[in-house]
Amino acid sequence: AAKSSGRDRVHLFSPGLREAARWRLEVATRLRGDAIDQLVVHYQPVVRLDTGAVEGVEALVRWQHPERGLLPPDSFLSVAEETGQVIPITRWLLRETTRKAAEWAAQGLPLRMSVNVSARHFSAETLVRDVRVALRDSGLPPDQLVLELTETSVAEDPTRAEDQLTVLRSFGVRVAIDDFGTGWSSLAQLFSLPIGTLKIDRSLLNAAERAVAGETGAVLTAIVELTRTLGIRSVAEGVETPEHLRMVREAGCDLAQGWLLGQPMPAEEIPRFVRSVQAA
Ligand code: C2E
Ligand code: CA
Ligand code: CA
Ligand code: CA
């Protein structure tokens, strides 16, 4: 079975318990070895809602497993997070994606690059250095890099999170809060952090869709108004249908991402995709 249709076909993977234990062991062992060479990055367009242009892309990791095919991040990142392998994986991703963005910029396609950073890496000492090295080696302008952090990874230790974010911001790197609406962090605490972007989880879009007429999108609209007031940009995630697109436009979101606007795709396909959208 395929998780999604189109180019980004990743295999569903739902093992039983014994299978699961074996899988964890396999992931832990293989990711320590040569499996890091089997990781591939797909890029999903992030679209401006005012002009329809592609402003940037989000890097999403997959594992091209020799026997099982293209595996989604959920099937191996939680193990990698536990074993700590997620740190070298993200270090590699930062290098790979900043290099890719610099390459596209040199071809006349400046795209902002968003990279997911796990809680484990965010609380580690090496993140700041890893980001600095990737920027230096790629030559990518720092404001073209966006680090995506979840609500929960900043809520764990808000004081340390603030320090860490302040250092990253001092390089000129942008920070986005990912999956907003899935955690229960304090809004006051969240918005006191130096963040530039809020990514609204698709569960909120689905909730808005189910809401009765008249209330449709009220929560979405309220969140977007709040971000406006605070000078934070908003991204709607999971825009799958024209109805979703209408709702997020109406709510006033700045940017959107979703299958309707562009699937995650291999790097080679990005330049053609971006140009075809610009031409449309
Ligand atoms: P995320 O950061 O929220 O990424 C968005 C996920 O939603 C992606 O799943 C993407 O393929 C999927 N998606 C995009 N458009 C739609 C849509 O219209 N509808 C629906 N239903 N889904 C859509 P993916 O690639 O399977 O990634 C899942 C999660 O794994 C990501 O969620 C992120 O938390 C994590 N992840 C992915 N790549 C990385 C990475 O490089 N590093 C880390 N630390 N985490 C990653
Ligand atoms: Ca993300
Ligand atoms: Ca998200
Ligand atoms: Ca998510």
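For ligands, and for the atoms within them, numbers begin at 1 and follow the listed sequence. Here, residue 1 is the first one in the sequence, and each next residue gets the next number.
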Tell me whether Arg99 is salt-bridged to Glu96, with the criterion being a basic N under 4.0 Å from an acidic carboxylate O. yes

Using a strict 4.0 Å threshold on nitrogen-to-oxygen distance, state whether Arg228 and Glu225 make a salt bridge. no

For ligand 1, note which part of [X] has a heavy atom under 4.0 Å away: side chain, backbone, both or neither.
X	result
Gln44	side chain
Leu93	side chain
Val41	neither

Can you check whether [X] reaches [Y] side chain to side chain, under 4.5 Å on heavy atoms?
X	Y	result
Val128	Gln164	yes
Phe191	Ile232	yes
Val27	Thr83	no
Val154	Gln189	no
Arg112	Val46	no

Minimum non-hydrogen distance to [atom], winning option of [options]:
atom	options	answer
atom 28 (C) of ligand 1	Leu71, Thr182, Asp74	Asp74
atom 46 (C) of ligand 1	Asp201, Thr241, Leu77	Leu77
atom 18 (O) of ligand 1	Phe122, Phe76, Trp92, Trp259	Trp259
atom 8 (C) of ligand 1	Leu60, Leu260, Val86, Thr150	Leu60

Ser114 near the Ca ion (ligand 2) via N/O/S, less than 3.0 Å: no

Please identify which atoms of ligand 1 are closer than 4.0 Å to at least one heavy atom of [X].
X	answer
Ser118	44 (N)
Pro264	11 (O)
Glu58	2 (O), 4 (O)
Gly258	15 (N), 18 (O)
Asp179	3 (O)
Val61	38 (N), 39 (C), 40 (C), 41 (O)

Sidechain-backbone polar pair: Arg95 side chain, Ala134 backbone, donor-acceptor under 3.5 Å: no

I'd like to know if the side chain of Gln44 and the backbone of Gly262 have a donor-acceptor N/O pair within less than 3.5 Å. yes

Check whether any heavy atom of [X] sits under 4.0 Å from an atom of ligand 1.
X	value
Glu237	yes
Asp178	yes
Lys199	no

Angle, OE1 of Glu148 through the Ca ion (ligand 2) to OD1 of Asn116 - 10° precision: 90°

Check whether the side chains of Trp63 and Gln38 place a donor and an acceptor atom closer than 3.5 Å, and report yes or no. yes

min-distance N/O/S atom, Asp178 vs the Ca ion (ligand 2), resolves to OD2

The Ca ion (ligand 2) to Glu58: nearest N/O/S atom name: OE2

Specify whether an N/O/S atom of Asp201 falls short of 3.0 Å from the Ca ion (ligand 3). no

Can you check whether Arg62 has an N/O within less than 3.5 Å of an N/O in ligand 1? yes

Using distance alone, determine whether Gln257 and ligand 1 share an N or O pair under 3.5 Å. no

[Y] reachable from [X] in the ILVMFWY side-chain graph, under 4.5 Å edges:
X	Y	value
Leu49	Val47	yes
Val235	Leu149	no
Val117	Val146	no

To the Ca ion (ligand 3), the closest N, O or S atom belonging to Asp179 is OD1

Check the angle between the aromatic planes of Tyr43 and Trp104 and answer parallel, tilted or perpendicular using the 30° and 60° thresholds. perpendicular

